[in-house]
Amino acid sequence: MPLYEIITFPASEAFVADSATVLKAPAEFLSTVDGLPSVFAGLAEEEKTGFIVAVGDLRTPQSHDPTPGYPQIVGFGPAFASAGERSSFHVDFIADPKAGALTAPTTEVMVMTLKEGKTKDDLAAVLAVLGPKITAAEGAYEPLAWGETREEPGKKFYLFLGWESTKRHFEVVGESSYETPIHNLFGTVDIKMVHASFKRIV
């Protein structure tokens, strides 16, 4: 399974207007120099938060130590608004988001932080019940892709799931049969969730 890097940031007006144009040149350069097979860009529906998702590590060699000026130094600076906090996490997903989540019409992007006293095994047990049920729903795109961040192992996780629409996502999870598994999920992790439509840049 490839390593994913997920950069989250307040989006510039240029990125909001045309993320592909803003990112095309640096993404193409990086895919040639560093061998990244693909880079995706997305914008949250609920807020002006941008995402750059790279299949691989934009910082080579394989070091995740903070780099001065990163990630602007790899050419993505024009995507970022002048103010606001950015984050970059490397994630080892259990299933590959490219297989469905990043190519769906909309993608549920969930950042999950374990509650005190909870473990990765607790989260895995909850998702082992919720995952097969929700991906079998009409309008969902398999697989449910989740994984642990390398920067905060045992604490912070990402989850991607593709949907035909945000409306359909809320219709499905609003059904009574999801009440218990979703309650169990919220009892295990604190959640930040948005929906984004991703484009493949390279």
Side-chain angles (χ1 to χ4, degrees), residues 1-12 15-24 27 31 36-56 58 71 76 79-80 86-113 123 126-127 130-149 156-175 178 181-182 185-186 189-202:
M1 187 68 59
L3 173 69
Y4 277 75
E5 182 171 7
I6 303 169
I7 301 172
T8 305
F9 51 93
S12 68
F15 183 90
V16 172
D18 190 351
S19 60
T21 297
V22 170
L23 298 179
K24 186 173 178 59
S31 69
L36 293 174
S38 48
V39 175
F40 295 82
L43 182 69
E45 296 176 12
E46 295 86 349
E47 58 193 38
K48 216 159 109 176
T49 295
F51 297 93
I52 297 171
V53 178
V55 185
L58 294 175
F76 291 151
F80 309 144
R86 295 184 290 271
S87 67
S88 174
F89 286 97
H90 296 80
V91 181
D92 295 294
F93 282 101
I94 304 299
D96 195 344
K98 282 205 319 297
L102 292 175
T103 56
T106 192
T107 304
E108 173 187 353
V109 180
M110 188 180 293
V111 182
M112 305 178 292
T113 304
L123 177 58
V126 170
L127 292 177
L130 179 59
K133 180 177 177 61
I134 203 165
T135 54
E138 183 180 351
Y141 284 64
E142 293 187 275
L144 183 148
W146 71 279
E148 186 174 24
T149 65
K156 193 176 293 290
F157 301 79
Y158 268 84
L159 181 151
F160 285 176
L161 179 60
W163 291 95
E164 67 179 26
S165 68
T166 300
K167 178 183 177 184
R168 181 57 185 155
H169 171 208
F170 285 124
E171 288 174 347
V172 169
V173 298
E175 295 173 6
Y178 286 89
I182 290 177
L185 178 63
F186 277 81
V189 290
D190 293 319
I191 289 172
K192 164 70 174 177
M193 183 187 72
V194 297
H195 298 83
S197 178
F198 282 91
K199 300 176 184 177
R200 184 168 182 169
I201 308 303
V202 294

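Computed from a predicted model, the values in this text were never measured in an experiment.
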Looking only at heavy atoms, which two atoms of [X] and [Y] are closest? And how far apart?
X: Arg168; Y: Gly139; result: CG-CA, 4.1 Å
X: Gly162; Y: Ala104; result: CA-CB, 3.6 Å
X: Ala95; Y: Pro143; result: CB-CG, 3.7 Å

**Request:** Applying side-chain contact (heavy atoms from CB on, under 4.5 Å), run through Ile94 and Leu127 and close with a yes or a no.
**Result:** CA-CA 11 Å; Ile94 304 299; Leu127 292 177; over 6 Å; no
**Message:** Going by the rule side chain to side chain contact (heavy atoms under 4.5 Å, CB included), which residues pair with Leu43 if we only count those two or more places apart in sequence or in a different chain?
**Reply:**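 In terms of side chain to side chain contact (heavy atoms under 4.5 Å, CB included), with neighbours along the sequence ignored, Leu43 is linked to Ala11, Phe15, Val16.
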**Prompt:** Sequence neighbours excluded, which residues qualify as side chain to side chain contact (heavy atoms under 4.5 Å, CB included) partners of Val109?
**Reply:**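 Testing Val109 for side chain to side chain contact (heavy atoms under 4.5 Å, CB included), a comparison that skips the adjacent residues, returns Phe51, Thr107, Tyr158, Phe160, Val194, Phe198.
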**Request:** Could you go through the side-chain contact (heavy atoms from CB on, under 4.5 Å) check for Leu102 and Arg200 one step at a time?
**Result:** CA-CA 8 Å; Leu102 292 175; Arg200 184 168 182 169; over 6 Å; no
Please enumerate all residues that pass side-chain hydrogen bond (donor to acceptor under 3.5 Å, both in side chains) together with [X], with sequence neighbours excluded.
X: Glu45; answer: Thr106, Thr166
X: Thr8; answer: none
X: Ser197; answer: none
X: Lys192; answer: Glu47

**Side-chain heavy atoms of Val91 within contact of Leu3, under 4.5 Å** =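 Counting from C-beta outward, Val91 and Leu3 never come under 4.5 Å.
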**Asked** Hey, are the side chains of Asp92 and Met1 touching, using non-hydrogen atoms and a 4.5 Å cut-off?
**Response**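 They are not in side-chain contact.
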Once rounded to the nearest 0.5 Å, what's the spacing between atom [atom1] of [X] and atom [atom2] of [Y]?
X: His90; Y: Thr149; atom1: NE2; atom2: OG1; result: 10.5 Å
X: Tyr141; Y: Leu161; atom1: OH; atom2: CG; result: 11.0 Å
X: Tyr4; Y: Ser38; atom1: OH; atom2: OG; result: 6.0 Å
X: His169; Y: Met193; atom1: NE2; atom2: CE; result: 5.0 Å
X: Ile182; Y: Ile191; atom1: CD1; atom2: CD1; result: 9.0 Å

Residue list, salt bridge (charged side-chain N to carboxylate O under 4.0 Å, His left out) with [X], at least two apart or on another chain:
X: Lys24; result: Glu28
X: Asp18; result: none
X: Lys98; result: Asp96
X: Lys48; result: Glu13

**Asked** How would you list all residue pairs meeting salt bridge (Lys or Arg N to Asp or Glu O under 4.0 Å) that involve residues 101-111, not counting sequence neighbours?
**Response**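 The answer is none; no pair qualifies.
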**Partners meeting ring pair (Phe, Tyr, Trp, His ring centres under 6.0 Å) with Tyr178 (sequence neighbours left out)** =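 Per chain and number, Tyr178 pairs via ring pair (Phe, Tyr, Trp, His ring centres under 6.0 Å) with no residue.
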**Flag, side chain of Thr135 to backbone of Leu144, donor-acceptor distance under 3.5 Å** =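 Here the side-chain-to-backbone pair does not exist.
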**Prompt:** Near Glu138 CD, under 6.0 Å, is it more than 12 heavy atoms from other residues, nucleotides or ligands?
**Reply:**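 Open: at most 12 neighbouring heavy atoms sit under 6.0 Å from CD of Glu138.
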**Asked** Is atom NZ of Lys167 surrounded by more than 12 heavy atoms (other residues, nucleotides or ligands) closer than 6.0 Å?
**Response**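 Atom NZ in Lys167 is not packed in, count stays at 12 or less.
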**Prompt:** When Ile52 is tested against each of Val39, Ile6, Ile201 for side chain to side chain contact (heavy atoms under 4.5 Å, CB included), which residue passes?
**Reply:**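 Answer to the side chain to side chain contact (heavy atoms under 4.5 Å, CB included) test with Ile52 among Val39, Ile6, Ile201: Val39.
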**Request:** Go through Leu123 and Leu185 one step at a time and tell me if the side-chain contact (heavy atoms from CB on, under 4.5 Å) criterion holds.
**Result:** CA-CA 7 Å; Leu123 177 58; Leu185 178 63; 3.9 Å; yes
**Asked** For the residue pair Phe170 and His195, does the interplanar ring angle fall in the parallel (under 30°), tilted (30 to 60°) or perpendicular (over 60°) class?
**Response**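 Ring orientation, 0 to 90° scale: perpendicular.
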**Message:** For a side-chain contact (heavy atoms from CB on, under 4.5 Å) check, start with the C-alpha distance between Trp163 and Ile134, then their side-chain angles and the critical distance, and finish with the verdict.
**Reply:** CA-CA 10 Å; Trp163 291 95; Ile134 203 165; 3.8 Å; yes
